[in-house]
J.: 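Here it is, the structure, as structure tokens.
Throughout, protein chains are lettered first and strands after them, A, B, ... in sequence-line order, and every chain is numbered starting at 1.
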Number of protein chains: 2
Amino acid sequence: MVKNLSKKERQKVLQKKIRENPFLIDRELAEIFDVSIQTIRLDRLELNIPEVRKRTKNLAKQAYSKVKSISGCEIIGKLVDIELNNSGISILETNEDMVLEKTKIVRGHHIFAQANSLAVAILDIDAALTGSAKTKFKRPVYVGERLIAEATVNNIRGDKFRVKVKTRVNQEEVFSGKFLVFSGEKLSKEGH
Amino acid sequence: MVKNLSKKERQKVLQKKIRENPFLIDRELAEIFDVSIQTIRLDRLELNIPEVRKRTKNLAKQAYSKVKSISGCEIIGKLVDIELNNSGISILETNEDMVLEKTKIVRGHHIFAQANSLAVAILDIDAALTGSAKTKFKRPVYVGERLIAEATVNNIRGDKFRVKVKTRVNQEEVFSGKFLVFSGEKLSKEGH
DNA sequence: GGTTAAGTTAGTACTAGGTCTTAATACTAG
DNA sequence: CTAGTATTAAGACCTAGTACTAACTTAACC
């Protein structure tokens, strides 16, 4: 509860609260500020904040926009171009969270994760499993560099897919990997 | 419009349609299949598909909980035993955040990340860089399983280290990888 | 043919979380 | 005292549903 604020103060805090938790409904907000629901609605009107259902819908749309067969947050990097079972491109902006502390070099597993994610995402199968991977890290990647990974499906035999991924920074190859991916549909249905 | 399907066929296509576009409301679905809204609702009931607002809310929540993924922590897994330049063990408890949505199978790059982290951590050098990695994922890992990775340094030659990592769940091998790691001290001091 | 069951449609009552409008208060400054 | 701002309240309406009951259609079986 945040009582006895002026209108301006309340509206400021309101914006913050909604930013922090966009799932709050008007009734809950009214309780937080100890005002009536109507007041909250007037505030939202003045601040141009849509109702909770539109807020969450927008959030969901943002998250959903690009990807189909796999949900957005499961992918490392942004998928920018996909032809299912054929090829795809993913872009990953590197940041401080990805580096070794002492250097400014991006840790290998982030580069691997982008490539692996991409290899799995371009396949038109429900449950893809990485079977093996041969990878080469050709030169260190530094913070801030933009990783562009390009995957191509080389070969499909039954439930086995061979996918090759090349990752570049400004045309320069920094990583390459060959992934053998399985369609794990049977396995997943066994439920372990 | 997809007309004249049997109930089973319709329900199958319905699931697919909603997976492809979770924002479809019952009325739109009814138009797609040329059946009444009630039929769509019975289908959803049987298939356990929630209403559009719950679907989008869930999507939004997923997206909002954010990609914890593998960034943030320097080391993936807990180091429990280390002999520098010789061997080390790391334990990683798998959880819901690490799996593919549709299955309960841990995504490959988490297993890789643990192994890679360990391979780098056991070396007594300031800046370790993964040069290449050959990896095999021997069987799927399910949520909740505890990954125990064991690394041994096989060979040191100048600034090149060969590290082998085996990851097990209850003694059973689930992953193995050979990492070629470089001491990147010179590179890192160049500052790029 | 008659009966049973499955599948489909229709209709009603009710819900949450709103919108939009009008109207009544309370408080405060000039 | 009054004008203006802030707040609250009341009511009609909306969307996208749930839950339930009832009727109708169709094919399958004996």
J.: Check whether any side-chain nitrogen or oxygen of Arg10(A) sits under 4.0 Å from OP1 or OP2 of dT7(D), and answer yes or no.
T.: yes
J.: Is Ser36(B) near enough to dT8(C) that one of its side-chain N or O atoms lies under 4.0 angstrom from OP1 or OP2?
T.: no
J.: Grab the CD1-C1' distance between Ile18(A) and dG18(C) for me, whole Å please.
T.: 13 Å
J.: To the nearest Å, how far apart are Ile40(B) CD1 and dG7(C) P?
T.: 15 Å
J.: OP1, OP2 of dT19(C) versus side-chain N and O of Arg44(A): anything below 4.0 Å?
T.: yes
J.: Taking C-beta and beyond as the side chain, do Ser176(B) and Thr135(B) meet within less than 4.5 Å on heavy atoms?
T.: no
J.: Asn48(B) has an atom CG; how far is it from atom P of dT18(D), in whole Å?
T.: 12 Å
J.: Counting heavy atoms from C-beta on, name the nucleotide in dA16(D), dG17(C), dT8(D) closest to the side chain of Val52(A).
T.: dG17(C)
J.: Compute both the distance and the angle, then confirm whether Lys61(B) meets the cation-pi test with Phe23(A): under 6.0 Å from the six-membered ring centre, within 45 degrees of the axis.
T.: yes
J.: Establish whether the base of dG17(D) is bridged to the side chain of Arg53(B) by a donor-acceptor pair shorter than 3.5 Å.
T.: no
J.: Quick one: do the Glu145(B) and Thr94(B) side chains pair a donor with an acceptor below 3.5 Å?
T.: no
J.: Nearest-Å distance, CD (Glu51(B)) to C1' (dT15(D))?
T.: 11 Å
J.: Calculate the interatomic distance between Lys7(A) atom NZ and dT5(D) atom P; express it in whole Å.
T.: 9 Å
J.: Taking only N and O in the side chain of Thr39(A), is any of them less than 4.0 Å away from OP1 or OP2 of dT8(D)?
T.: yes
J.: Cut-off 3.5 Å, no hydrogens considered: what does the side-chain donor-acceptor table look like for residues 153-165 of chain B, sequence neighbours left out?
T.:
none

J.: Between dT19(C) atom P and Glu46(A) atom CD, what is the distance in whole Å?
T.: 14 Å
J.: dG17(C), dA9(D), dT18(D): which one has an atom nearest the side-chain heavy atoms of Gln38(A)?
T.: dA9(D)
J.: When the distance from CG of Leu42(A) to C1' of dT22(C) is rounded to whole Å, what number comes out?
T.: 13 Å
J.: I want to confirm an ordering. Mapping Ile37(B) and Pro50(A) to their closest nucleotides on DNA chain C, which one lands closer to the 5' end?
T.: Ile37(B)
J.: Taking Glu173(B) first and then Arg168(B), would you say they form a salt bridge - that is, a charged N and a carboxylate O separated by under 4.0 Å?
T.: no
J.: Would you kindly give the CG-to-C1' distance between Asp34(A) and dA6(D), to the nearest whole Å?
T.: 15 Å
J.: The side chain of Arg41(A) is closest to which nucleotide in this list: dG18(C), dT8(D), dA16(D)?
T.: dG18(C)
